[in-house]
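Residue numbers count from 1 along this sequence. Just follow the structure's listing: the first ligand is 1, and inside any ligand the first atom is 1.
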Amino acid sequence: MKKKVYIISHSHWDREWYIPFERHHMLLVELIDDLLEIFASDPDFNSFHLDGQTILLDDYLQVRPEKKEALQQAITDGKLHIGPFYILQDDFLISSESNVRNMLIGMEESKKWGSPVKLGYFPDTFGNMGQAPQMMQKAGLEAAAFGRGVKPIGFDNQVLEAETYSSPYSEMKWKGPDQSEIFGLLFANWYSNGNEIPAEKEAAIKFWDQKLADVEQFASTDHLLFMNGCDHQPVQKDVTKAIALANELYPDYEFIHSNFTDYLAAVQNDLPEDIGTVEGELTSQETDGWYTLANTSSARVYLKQWNTRVQRQLENIAEPLASMAYDITGKYPHDTLDYAWKTLMQNHPHDSICGCSIDDVHRGMISRFERANEVGRYVAEESVNALKTEMNTKIFPEDSFPFVVFNTNGLAKSGEAVIDVELERKTFAEGSPASLYRDLAAKEAGSYHVVDENGRVIPAQISAEAVHYDYDLPKDGFRVPHMKRYVTIRLTLRDLAAFSWQSFALVPGTAPIEQDGLANADGTVLENDLVKVEIAENGTLAITDKENQTTVDGLLNFEDTGDIANEYIYKQPEGDQAILSSDTKATVELLENHAEKAVVKLTHSIDIPVSADDLLDEEQQMVIEFRARKAGRSQETAPLTIETTVALAKNSKKVDLETTLDNQMKDHRLRVLFPTGLKVEAHEADSIYEVVKRPNTVSASWKNPTNPQHQHAFANLHDDIRGVTVGNYGLNEYEIVDSETIAVTLLRCVREMGDWGYFPTPEAQCLGEHTFNYSVEVHGAPETRYETYKHAYTAQVPFTVAQVPVQEGKLPVTKQFVEVTGNTFVPTALKRRKHDKALVLRGYNMDENEQELVLEKAEETPVLLNLLEEPMDETYTTKLAGYEIRTVGFVND
Ligand SMILES: [Zn+2]
């Protein structure tokens, strides 16, 4: 039997990276023009793989709309292979839902043209998420291809027995935490191992002798894969000639121009018995640790914060509200939401969200975030307006000002709701703006309190009355500018049910309020029934958990070090000593203190070097790899002022932290440290549909002195008695230092892109003002950590509020839209299915154990769906498996 050589032509298309989007865009137009020509002129040219992402079709048609038919013909004829994804994402830096929408929208787009290639495609992704096997299967994909995460070692190597993330073969099985298993294909010699195949005899022999040996070192079967292309590679126009020549030169091999569909069928049919299995996330655990590229999670942190904001707006605010409003309007804005999602996902490719491109690219991303966010806000507002018109508030007194608070989270939420309640308005038709303003401002101030629907007084902070300008945009008329007199209400709510709303009203008259505050007079102690927070002179926090009588101290310590590498990788200069805020004194100021909440402000001023020394510039110009650099930090220092508010609410163990600073220093990394005093072997972090367990120590081959990791909402260390959870908002990088400290990166400031040349990126220094939100919460026995995880999740999604007149309506003032009962189930989506508007609820099990999960919506029946929202073969059950990702559709009985 001859060995069979499959040559797949492709081009890995980073839409933006070391050159701006539009330059790459124009090159893409050239590429597809060339392809359409070659499809017509070379009958031996089998096909071209369009990099697994459908957005390239839209990009091309934007410039060449007249080529739509030719493109359709090429796809129909099987010449151009498309899909299954919309873009090639970074798995870890986008949300769980974003990973799903990339498949959902990618498949929908593919089906408009034909059928997608059934291969999860992650050629360049910087590591692979552990739940990918389950996610691929639930999107109808039984195989995934990837270029990183697993170290290929060749089957003549004897040491691999002990290693879990190495593979003798380029082919393997990949198993997720829930035991789902798919076929994994590693580009062991990269996705360019068949690039630029010579069509001239002498060069061809040199090429193939080497390349065949390289492939055979890892291939488990006689089906050998060659990827004919590379990053932005133009199509090789004489590839079929080069293949004909190879067939002449190597009679023991059969060389064919092929495609993934044919290759996958052949290779999977012939896999040997001893094919290996890799499990869970693949993050290059068994390499030297330098090129995991995990530090992209701290490059340009402002992008990650923006991404979190827009994801929460679409997933957790706009879609749940629109789903609720559907019951009133019978309409769901699918087109609008698709537009918002596509705009957001244009920021999700690995070179984009990772922050590892040139400045121009990342400036463009801000505009996309803003646009997607505005669309999300519009959908949310329209939905609230629809719900509001039907809210029956007759239960409140005629002279009251009712308002409704929505918890759009899939988990019960505690926290503060903030709303401006309008007391009176005067439109510009009634007088000059200035006179209206003066009239309203001159009114005698009233006194108010807040009640719930049963007339019970609810503790609230109510501001003094104020006047400001506003306007209405009626649906059936011209804009209405006006002045309004209003108060701002801050309401501390406890355990507002998942996917629910509750109404309150501002009513005239004073009500007795509890006098005692949670803080002491100078603000150095904050205390409630559950915890006591003591602030040391150096600004670190000691938190005592009253329930189990344990204290953790030294929390909230800022650490600054130099960074002489690039957007991809952090490298501390040799001999650089970390500068710690705990070596200085902090000032404490009491900002707010009442029975519901206390807030203090800590101010640190630490002297840090203003930049790296002059050698760094020279070393970068010379393209010296970061490990060989001798640059240090400059001798000149300047003070960095760090202001942090520390907030504790009644009945909460969570301490909320908000840090603001104006960064004027370059070439450094700023982290906040939470030493836990625990010495444990592993920790947990929020990943993609997974609370992932990661070891606190590195593999034997690891050389990098640091071990940066990705997170979404939290990281946790715990033992059998107690634990600490550090929550965050858009701070995706953390590290477990010395097995006991959770270090969260706030800023990483570098001056070059890195990778294959010299690309200066002054804006990656992140100069200017920044605000960081995070939290720390202590807990007791291990099972109680899940409560802290839920707190970290719900902290990311604010309550939505709206004022409602006293009126009749068909909606009750308080309602839970869907009931969710399950201890460790975390909903990630509440939306409507496209074709029939059925309600879709998706979430995952944080725990490894099976549990009971009850999801109920009145008069509707739950059915199990896959990630593409199609019915699954399995019948509905309330048993949720360990680590299961579950999508449920509600259909009318
Ligand atoms: Zn790439």
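- A cation-pi arrangement, defined by a distance under 6.0 Å to the six-membered ring centre and an angle within 45 degrees of its axis, is absent between R748 and Y570.
- Ring to ring, Y18 and W756 are close: their centroids are under 6.0 angstrom apart.
- If you take CE on M129 and CG on L282, they are separated by 10.5 Å, rounding to the nearest 0.5 Å.
- The aromatic ring centroids of H81 and F260 lie 6.0 Å or more from each other.
- If you look at H257 and F45, their ring centroids are closer than 6.0 Å.
- Of all protein atoms, those of element N, O or S that lie under 2.8 Å from the Zn ion (ligand 1) number 4.
- In this structure a side-chain-to-backbone donor-acceptor pair under 3.5 Å is missing from T296 to Y568.
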